[in-house]
Protein chains: 2
Amino acid sequence: MQEKSTRTPNADRRAMMRKKLMDAARSLFVEKGFAATSTPEIVKSAQVTRGALYHHFEDKEDLFRAVVVAEAKELRQAIEVATKGMIDDPLGTGSKGYFEAMSIQGRAQLLLIDGPAVLGIQEMDQIDAGGGRAALRTGLATANSDLSDEELEAVTKVLSAGYDRAALAIAQGEAAKPYEQAMAALVRATIS
Amino acid sequence: MQEKSTRTPNADRRAMMRKKLMDAARSLFVEKGFAATSTPEIVKSAQVTRGALYHHFEDKEDLFRAVVVAEAKELRQAIEVATKGMIDDPLGTGSKGYFEAMSIQGRAQLLLIDGPAVLGIQEMDQIDAGGGRAALRTGLATANSDLSDEELEAVTKVLSAGYDRAALAIAQGEAAKPYEQAMAALVRATIS
DNA sequence: CTTGCATGCATACAGCCTGTATGTTTATGA
DNA sequence: TCATAAACATACAGGCTGTATGCATGCAAG
């Protein structure tokens, strides 16, 4: 019998290793923040060596970027599932979906606090592209046509910031209902 | 004649040294971010040694905290001056004052991006206490009495986040007017 | 005024972290 | 099967942080 029959294709090894590193890194980034998390810690938690990390990622920031991008993707998918087929009241449904999706442990911290600080606002905006903000904009645009592009963009950003702040507060343990009501009222006021 | 007549009281030396360090640190923190700014860089820019830095501040984070606290204080004072005696339309005046005060180079980055990431949301909330948010809350409360405390708090935070996001966009070079209009509309909708 | 002490500041050092260079193993495909 | 490339591990150089130590300067009591 063959002892060493553990032949693993490169594609699989790559995917598994990246996942191991990103999972370990996510936990530590959420727990201690980006700066306070060292690469020795990460690889120890992932039970690999720093060689693996620097083979798959350019540097620590690049690993953080990968974690954030994956998180944003999961967020988009969760919202998409929650609002699937909801043609009536897309804004209300999207809101609830967003709050639920953002209640995942550490997600708000990663996407709203550490992400902008480490990667910059510009890149975070780009990573979030197609996320909740785009849906919000189209929702506002269809419900309220008499807004210039500039105004629509401004209102969208500002309301989106409100959603983010609400999600952050909820993630920190505050009650969700007042924030849901507040955002609903603001959106209603905007489109009417 | 006395050569070494440069006798400086300790209180003055302390104040001057702290200012020199905080000014140099502020520039570099704004330019490169907290993590990417090293203490050797800071003291070189301030033309002192690391000994002085670690004599006056516990560590790099403590220096950052001092910079942020001073920035928040200046912001409060600027808003206070702008809204002094404006009893009619305090919300509108406060809004304009806030946007102007937040347009100071690097202020939005320090208070809205790096601050929360380095010091945490909790501490930043505390540092901002008595800032624009408090004024906004009282403004909303007087104009709209039929809100529970919980709802008032939520609406305040969410609108305040909108103001912050708007200030950030303006600080990054976007036109101010659409944001002023957007926030004005939201506030108007909230209090009526 | 001077003398003991506290404060302000500079220098030196230890430990850690990051990123790279180099070496070794494992898969690929010809 | 064999050459090559990819995956991963180890070793190293440089820089940074925070602390310990030493000197200078202001302070306050006598």
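No experiment lies behind these values; they were computed from the predicted model shown. Chain letters run A, B, ... following the sequence lines, proteins first and then strands; every chain starts at 1.
- Direction change of the helix axis from one end of the helix from C:dC1-D:dG30 to C:dA30-D:dT1 to the other is 10°, with five pairs defining each end axis (rounded to 10°).
- At least one side-chain heavy atom of A:Y163 sits under 4.5 Å from a side-chain heavy atom of A:F99.
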Could you give the side-chain donor-acceptor pairs of residues 171-185 of chain B under 3.5 Å, partners two or more places apart or in another chain?
unit_1	atom_1	unit_2	atom_2	d
B:E174	OE1	B:Y179	OH	2.8
B:E174	OE2	A:K157	NZ	2.6

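- Inspection of the A:S38 and A:E41 side chains reveals an N or O donor paired with an N or O acceptor under 3.5 Å.
- Taking atom CE of residue A:M16 and atom C1' of nucleotide D:dC8, one finds them 14 Å apart after rounding to whole Å.
- Side chains of A:R133 and A:S160: a donor-acceptor N/O pair is absent below 3.5 angstrom, by distance only.
- A heavy atom lying under 4.0 Å from DNA chain D marks the following residues of residues 22-38 of chain B, by number: B:T37, B:S38.
- Taking 4.5 Å as the limit, every side-chain heavy atom of B:F29 sits out of range of all side-chain heavy atoms of B:V68.
- When rounded to the nearest whole Å, the span between CD1 of B:I42 and C1' of D:dG18 equals 14 Å.
- Residues A:I113 and B:I113 have side chains not in contact (no heavy-atom distance under 4.5 Å, counting atoms from C-beta outward).
- Each of B:E41 and B:A11 has a nearest nucleotide on DNA chain D; the 5'-most of these lies closest to B:E41.
- Screening A:I191, A:V158, A:L159 against A:L186 for a side chain to side chain contact (heavy atoms under 4.5 Å, CB included) leaves a single residue, A:L159.
- In this structure, the CG atom of B:D12 is 17 Å from the P atom of D:dT25, given to the nearest Å.
- In this structure, B:R165 pairs ionically with A:D125, as a charged nitrogen and a carboxylate oxygen lie closer than 4.0 Å.
- Shown here are the side-chain contact (heavy atoms from CB on, under 4.5 Å) partners of A:E123, two or more places apart in sequence or in another chain: A:R65, A:L119, A:I127.
- For the segment residues 45-69 of chain A, residues with any heavy atom less than 4.0 angstrom from an atom of DNA chain D are, sorted by number, A:T49, A:G51, A:A52, A:H55, A:H56.
- Formation of a donor-acceptor pair under 3.5 Å by the B:T37 side chain with backbone atoms of B:L28 is found in this model.
- The salt bridge (charged side-chain N to carboxylate O under 4.0 Å, His left out) test applied to B:E74 returns B:R107, not counting sequence neighbours.
- As rounded to whole Å, 5 Å separates atom P of C:dG8 from atom CZ of B:R14.
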